Amino acid sequence: MNRVTINEEICKECEYCITFCPKKTILKKKDTLNKKGYYPAIAENLEDCIACGICATVCPEAAIKVEKDV
Amino acid sequence: MKTVYERPKVLTDEYMKYCGGCGHGIINKLIAEIIEEENLAEKAIMIWPIGCSVYADRYFNVDSVCALHGRAPATGTGIKRALEDNLVVVYQGDGDMVSEGMAEIMHAGIRGEKFTVVFVNNAIYGMTGGQMAPTTLMEQKTSTSPQGRSADNAGFPVNMAEIIGSLHGCHYSERVAVNSPANIRKTKEAIRKAFKYQLDGKGLSFVEIVSPCPTGWGVSPVKALDWIGETVLNQYPLGVFKAPKEGE
Ligand SMILES: Cc1ncc(C[n+]2csc(CCOP(=O)(O)OP(=O)(O)O)c2C)c(N)n1
Ligand code: SF4
Ligand code: SF4
Ligand code: SF4
């Protein structure tokens, strides 16, 4: 399964990754705050992820790592 | 597992002070990616401006200087002339460049200085609280144009990529935007090209980037990207305004 790892502590809740991910099932906002007071993005249902890297491309914090299962 | 994307090592672990969704974060990241991919960390010298990117020296593991407001092209001139083999990157906001430092950027272009300018145009003064800049759109509401910009009292927006591209000393001028994944990729390739021209010893390479300032514009980050596509790019069309000829 592909892997998307988000550094929740530096995420600023801009929602770019959530908006531009071509699969609507994966990225969403966590319901608890990080230390800086944002609801960070989290990744689930990674079986739907195609490892396109779009979420990482649009993230202004360079908070996302994407790995493809090969 | 094959890594598709990970944070470039050229970026430090410092927490970036930009607001959520700020275009500076995306653009800083792209510059760091290129420096890493092209193996330029030892060669690169970043010249940061006054504005929201004033702390960016802390975000990069490369040599940096912070210039006085608007004067980054003058600082860049001195550094590039003394260290011609280095990659000198002058980074400026639109308030910094087009109001405070218009003379410096114009004369850098007129003299054909051999560095790269990354010009972040968010059509507003971000750092100081969203005041009108020369680049503010007609009718755009800012803290100093609460009724919207009017020509009567504030004149008209300034298209820098076209102006700089018209100068003989300019080798390459392009306007790009960071409002979508495709445009972010194009922005990266434009900056990479500009770095290449500089390393080949060519004249000024200038990349204007239309960039969101959600805080200054008073909208959510996603709405800010929409506003770029729907409105800002009508005033600031994307395109190449100075293209080197074949073999140049
Ligand atoms: C000589 C001088 N005049 C004014 C200021 C106040 N000042 C700081 S940042 C700024 C504007 C920055 O706007 P911009 O260049 O668009 O950058 P942004 O913050 O939007 O990235 C101003 C006017 C200053 N620091 N120094
Ligand atoms: S890699 Fe692509 S599919 Fe996977 S979470 Fe990111 S944007 Fe969505
Ligand atoms: S793009 Fe980055 S900062 Fe924005 S919500 Fe996603 S992970 Fe957080
Ligand atoms: S005020 Fe605007 S330019 Fe400055 S950090 Fe915030 S969003 Fe970015």
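Letters go in sequence order (proteins before strands), and every chain restarts at 1. All of these numbers come straight from a predicted model, not from anything done at the bench.
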Between B/P221 and A/C14, which heavy-atom pair has the shortest distance, and what is it?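 Reported closest heavy-atom pair: CB-O, 3.7 Å.
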
Interface moiety of [X] toward chain A, non-hydrogen atoms closer than 4.5 Å:
| X | answer |
| --- | --- |
| B/N179 | backbone |
| B/Y5 | both |
| B/K2 | both |
| B/L30 | neither |

Could you tell me whether [X] atom [atom1] has more than 12 heavy atoms of other residues or ligands within 6.0 Å of it?
| X | atom1 | answer |
| --- | --- | --- |
| B/D13 | CG | no |
| B/Y15 | OH | yes |
| A/E47 | CD | yes |
| B/K141 | NZ | no |

Of all of B/G23, B/S220, B/G21, which one pairs up most often with chain A through heavy atoms under 4.5 Å apart?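 Heavy-atom pair counts peak at B/G21.
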
When only pairs under 4.5 Å are counted, which of B/I184, B/L225, B/N28 shares the most heavy-atom pairs with chain A?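 Of B/I184, B/L225, B/N28, B/L225 has the most heavy-atom pairs under 4.5 Å with chain A.
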
Between A/N7 and chain B, with a heavy-atom cut-off of 4.5 Å, which part of the residue counts as in contact: side chain, backbone, both or neither?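 When you check distances to chain B, no heavy atom of A/N7 falls under 4.5 Å.
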
Contacting moiety of A/E13, where chain B heavy atoms sit under 4.5 Å: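 Neither part; nothing is under 4.5 Å.
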
Using the test salt bridge (charged side-chain N to carboxylate O under 4.0 Å, His left out), find all partners of A/E44 that sit at least two apart in sequence or belong to another chain.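 Per chain and number, A/E44 pairs via salt bridge (charged side-chain N to carboxylate O under 4.0 Å, His left out) with A/K28.
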
In Å, rounded to the nearest 0.5 Å, how long is the span from CD1 of A/I10 to CE of B/M16?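 Between atom CD1 of A/I10 and atom CE of B/M16 there are 7.0 Å.
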
A/K12 side-chain N/O to B/Y18 backbone N/O, donor-acceptor pair under 3.5 Å: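 Yes: the side chain of A/K12 pairs with the backbone of B/Y18.
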
Are there residues of [range] that reach to under 4.5 Å of chain B by heavy atoms, and which ones?
| range | value |
| --- | --- |
| residues 33-43 of chain A | A/K36, A/Y38 |
| residues 54-69 of chain A | A/I54, A/A56, A/T57, A/V58, A/C59, A/P60, A/E61, A/A62, A/I64, A/K65, A/V66, A/E67, A/K68, A/D69 |
| residues 16-25 of chain A | A/Y16, A/T19, A/F20 |

